[in-house]
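Right, one structure below, let's go through it.
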Amino acid sequence: MLEAADAGRTVLAPNAELANALLDAIERAQRDAGRAWWPTPRVRDFGGWLKERHLQRQFTDSTLPRCLSDVEERELWRHVVLASESAHSMLEPAGAARAARRARRAMAEYGIPLQAIAAHGTEETTALLEWSTRFAQRCRDLGCIGSDQLLADLAGRGRDGHDAGTLCWIESPEWRPVARRWLGAHAGAPLEPCSADAPRAPPGAGAHLLKAHSADAELAAMAHWAQRGLRDRADFRAWICVPDLAQRRDALIDAFDAVLAPQRFALEAAEYSAPYAVAGGTPLADFAPVRAALALLSAASGPLPFERFSALLRAPELQSSAAEAGAAARLDVALRSRAPSAAPLAQWLEQSVQLSRAGAAPGAAAPVAAVVRLQAALQALTQLRGTQRMSRWVPAWLSAFEAAPWSLRHRWSSTEYQAAERFRELLGMLATADAVLGGHSQTSAQSIVRRAAGDTPFQVQTGVAPIWVSGERMDPWLAYDGIWLGGADADGWPPPPDPIALLPVRLQRDFGVTEAAVSTRLEAARDLQRRWQARASRCVFSCADAPDHHASLSPLLPKLPLLEGVPPQPHWRAQFDAAPVLESFFDEQAPPFDAGESTRGVGTLRAQSHCAFKGFAHTRLKAEVLERPVPGFNERERGEMLHDALHHVWSVLGDSTGLAECRRDAPRLAALLNEGALIAIEKLCRRRDPGGRWRERERLRLTELLANWLNIESERPPFAVVELEQRSETAVHGGLEFRVRIDRIDRLGDGARVLIDYKSGAALPDWRGERPDNPQLPVYALRRPTALVGVAYAKVNAAECGFVAEVEREAVFRARGTRSKLEGRASFADLLGAWSQRVEALAGQFAAGRAVLDPTPRACQTCHLQGLCRIPSILDLATLSDDD
Ligand code: SF4
C-alpha cells in the first residue's frame with residue numbers, strides 16, 4: 001500500500017471508515033520511516049471516488065448528468081414515494097422511501113436486473129418497480145443521476161479504461177459483486193490484508209472470551225483492556241467493534257471516558273482529548289449550534305407554547321454573560337404570571353419588551369439582550385413569505401442564525417465550530433438544489449432542513465485515535481495490537497438473516513446478498529472470525545447479559561480461555577471506592593434576620609411551621625415553585641377573582657338583611673353577581689388576559705359559584721359585614737413585620753365578631769396544634785382580637801361550599817364543619833392566648849435564623865425543596881413511619 005501511495009496511485013477502500021484508517025496508517029508509516037515530507041496519499045472510499053471521478057469527467061464532457069447530493073436523493077425518493085398511489089395504503093411512507101432507496105442501491109451493487117424483479121410480480125416488487133421507474137424518469141427530466149448509478153455510467157460510456165494503472169484496491173469482504181468485478185478488471189489484484197506482527201505480541205497475548213453480567217460491564221471491560229494495552233506499550237493500537245454502537249453510543253462514551261479520559265468528569269473541564277475515537281457520527285441536528293438554529297426556525301412559525309419560548313429566551317447561545325442570562329431568567333419568571341399559554345414569537349417578544357419597560361421583571365431592565373437578538377432574527381425570517389425556492393429561504397435563515405443563536409460563536413468549542421460549518425455546507429447544498437426541490441412554504445422548507453440535519457451523521461475531526469471503536473463487523477484490513485468483538489452471543493453471532501426490504505428473498509440469495517440467507521451469513525461469520533484472529537495478537541470475543549435475558553457465548557466461537565483481570569463493575573465503582581471519606585458538617589443555623597430583609601407575610605410563618613429549613617429557604621433564599629402559564633385562568637387567578645367578586649357583592653349588600661332582600665328580587669341578584677364577576681375578571685385581565693372565550697367561561701362559572709355561596713350565607717343568623725378586604729396592614733411578631741390582608745369581619749347580632757377568610761380550593765382546620773399547617777387565621781385573629789368569638793374559612797368552590805370554623809358558639813355558622821372544640825380551651829379568648837404563644841415562637845425562631853430540617857410528618861409530601869434540602873439522602877423517607 002505504501003508503494004502504491006508513493007507511486008501516486010489511488011488506493012480504494014469499500015467504505016469511508018476503512019479509507020480513513022488506511023490514510024492514517026500511511027501517514028504514520030511515513031513518519032515512522034523518518035520522512036519529513038511525502039506526497040499526500042490518495043486514499044478514497046469507492047463511493048466518494050466515483051463521485052470525484054464523475055465530476056472530473058464533467059469537465060471534459062458537458063453532456064454528463066449532474067450527480068445528486070445525498071440530501072437531494074433522499075428528498076427525491078421521498079417525493080416519488082409520497083406522490084404514488086401505493087403510498088396511501090402505507091403506514092409509514094417515509095420509511096418506504098428509505099427502503100426503496102436502499103433496494104435500488106442493492107440492485108446496482110449486486111447487479112440485479114429489473115426484469116428479474118418484475119418476474120416476481122408481488123405487491124412489493126410492483127411498488128418498487130413503479131417507484132424506481134418514476135425516480136429514474138425524474139432524474140432524466142432534471143438531467144441528474146443517482147449515486148448508485150455512477151459505476152454503471154462510468155462503465156457504460158466506455159471511459160473507464162482511463163483509470164488503468166492508476167488504481168489499486170484492498171481485499172475485503174465488504175466489496176459488493178459489481179464493484180469487485182469492475183475493480184478486478186481495471187485495478188488488477190487487490191492488496192492483501194496485513195497480519196499481526198508476532199514480535200510485537202505482548203505477554204498474555206492470544207485470543208480470549210469474556211461474558212459480562214451487563215452491557216455496561218462489557219463496555220467497562222473493553223475500556224480497561226484498552227487502558228492496559230496503552231500502559232504496556234505507548235504505541236498500542238486497537239480496533240474495537242460494538243455492533244449495536246448506534247444504541248449504546250452514549251453509554252460507551254461514558255464508560256470509556258471513565259477509564260481513558262477521566263478529566264471529562266472534572267467540574268472545570270471543557271474540551272478534553274481522549275486516546276479513543278468512536279466511528280459513525282451523531283446526527284448533525286444533535287449538536288448545540290444546529291439544535292439552536294433549528295429551534296429558532298420552528299419557533300418562528302405558528303403559535304409557540306410558553307415552555308418553548310421560555311427555553312429559547314434562556315438558551316445559552318443567546319447570553320453573552322452571566323448578567324444577561326440572569327436578566328433573561330428574571331424576565332422568564334415575570335412572564336410566567338402574566339403570559340398566555342401560547343402565542344406567536346412576535347407576540348412573545350413584544351410582551352417581553354413591554355414587561356421590561358414596565359419594570360415588571362426586576363433586574364431585567366429593557367432591553368434584555370436575548371430578546372433583542374431574537375427580534376433581529378425574527379426580522380430576518382419574516383422578510384420572506386409564501387412559497388419560495390430553497391435558494392431564497394437559506395440566506396434568510398443564515399441571517400437569522402447570525403443575529404441570534406450564532407451571534408456569540410467566538411465562544412464555541414472546536415466541535416461546535418465543525419458542526420456549524422457542516423450545517424452551513426448542508427444549507428449550501430440545499431440552496432443549490434432548487435431544480436430538484438422546487439418551491440416550498442416556510443413550514444415545508446423547514447421540514448426539509450430538519451430532515452436533512454437529522455439524517456446527516458456528523459463525525460468530529462479527531463484523526464484516527466490509538467483505540468478505534470467501530471459499529472461495523474468488518475475486516476479492519478490493517479494489523480492491530482488488539483481487536484475486541486462485542487455482541488458475540490449465541491443469538492447475535494452469526495447474525496440472523498436480514499434481507500433487504502422490497503426485494504424478493506430468493507432473488508437476493510441468487511445474486512449473493514450475504515444478509516439474505518443463514519448459510520451465507522454463517523460462512524461470512526466464519527471468514528470474519530478467521531480474519532480478526534489473523535489481524536491482532538490479542539483478540540477478545542465478548543457478550544453481555546441483558547436485564548431480562550441471560551446471554552451465552554456463541555457456539556461458533558473457538559474454544560478459548562476466559563479473559564482474566566476483569567475490572568470491578570459498574571465501571572465507576574472503582575472511583576467510588578477510592579473516593580475519600582467525607583466529613584459531615586450540619587449547617588443548620590442561618591445568620592439572624594437582618595434589618596434589610598423582609599418577610600413574605602403569613603407565608604413565612606406557614607413555611608417555618610412546616611419545617612425551619614423551609615421557612616429559611618422560602619423567605620430568605622426566595623426558593624419558590626415557578627408558575628407555568630396555562631390555557632385560561634390558573635387556580636391562583638381564580639382565587640383572586642373570587643375575592644374581588646365577593647368584595648364587590650358584600651360592599652353592595654352590606655349585611656344579612658340586604659342579602660335577604662336581594663334574594664327576593666331575582667333579576668337584581670343576577671345583575672349584582674354578574675357585575676361582581678365582570679369587575680373581578682376585568683381587574684385580573686389588566687395583568688393577564690387569556691382571551692374572550694376564557695373570560696366568558698369564567699363569568700358564567702363565577703356567577704353560578706357566587707349564587708351557591710350566597711345560599712350558604714343566607715342560612716346564618718343575622719350579621720353585618722363591618723370590614724372588607726382593603727389594603728394590607730402590618731402585624732408584628734417576634735420583632736418582625738408581616739404584611740397581612742384580612743378578607744372580612746362580620747359583626748353578629750350581640751356585637752360579637754367573627755373573622756372570615758375565603759378559600760377557593762380545599763379548606764381544612766389547618767390552624768390547630770403547636771405547629772399548625774397554616775397559622776394564617778391565628779395571625780389574623782391576633783390582629784383583630786376585640787370581641788372576636790370565632791374564625792372561619794369560607795370554602796367557595798364548585799365541588800363544595802361551606803364554612804370550616806373555630807368558634808365558641810356553634811350557632812354562628814349553620815353549616816357543615818362548624819363543630820369546634822377550641823383545642824380544649826374554655827373560651828375563644830383562651831385559645832387566642834395559646835395562638836399568640838405559638839405565633840411568637842415561630843416568628844422568634846425564624847428571626848433567629850433557625851434553619852434545621854425538622855419537617856412535620858406530612859410537610860415533605862407537599863414541599864418542592866427536596867433538591868435543595870437533600871432530605872431524601874439524609875433519611876430514607878420510604879422506610880419511616882409517621883411517628884418517625
Ligand atoms: S422537603 Fe421536607 S425537610 Fe426539606 S425543606 Fe421541605 S419540608 Fe423541610
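Counting starts at 1 for both ligands and their atoms, following the listed order.
Here the options are K821, R768, R825, the test is salt bridge (Lys or Arg N to Asp or Glu O under 4.0 Å), and the partner is E806; only R768 passes.
Here the side chains of S298 and R308 are in contact, with some heavy-atom distance below 4.5 Å. Contact of the N774 side chain with the V602 side chain is registered, since non-hydrogen atoms from C-beta on lie closer than 4.5 Å.
Taking backbone and side chain together, C860 holds an N, O or S atom under 2.8 Å from atom 2 (Fe) of ligand 1. With a cut-off of 2.8 Å, atom 8 (Fe) of ligand 1 has an N, O or S atom of C611 in range.
The nearest heavy-atom contact from the protein to atom 6 (Fe) of ligand 1 is C863 SG, 2.4 Å. Ranking the protein heavy atoms by distance from atom 3 (S) of ligand 1 puts I871 CD1, 3.3 Å first. Scanning the protein heavy atoms around atom 4 (Fe) of ligand 1, the nearest turns out to be C869 SG, 2.3 Å.
If you look at Y780 and W835, their ring centroids are not closer than 6.0 Å.
Going from atom CD of Q319 over to atom CG of L408 covers 8.5 Å, rounded to the nearest 0.5 Å.
Counting atoms of ligand 1 from 1 in the listed order, those under 4.0 Å from a heavy atom of F613 are 5 (S).
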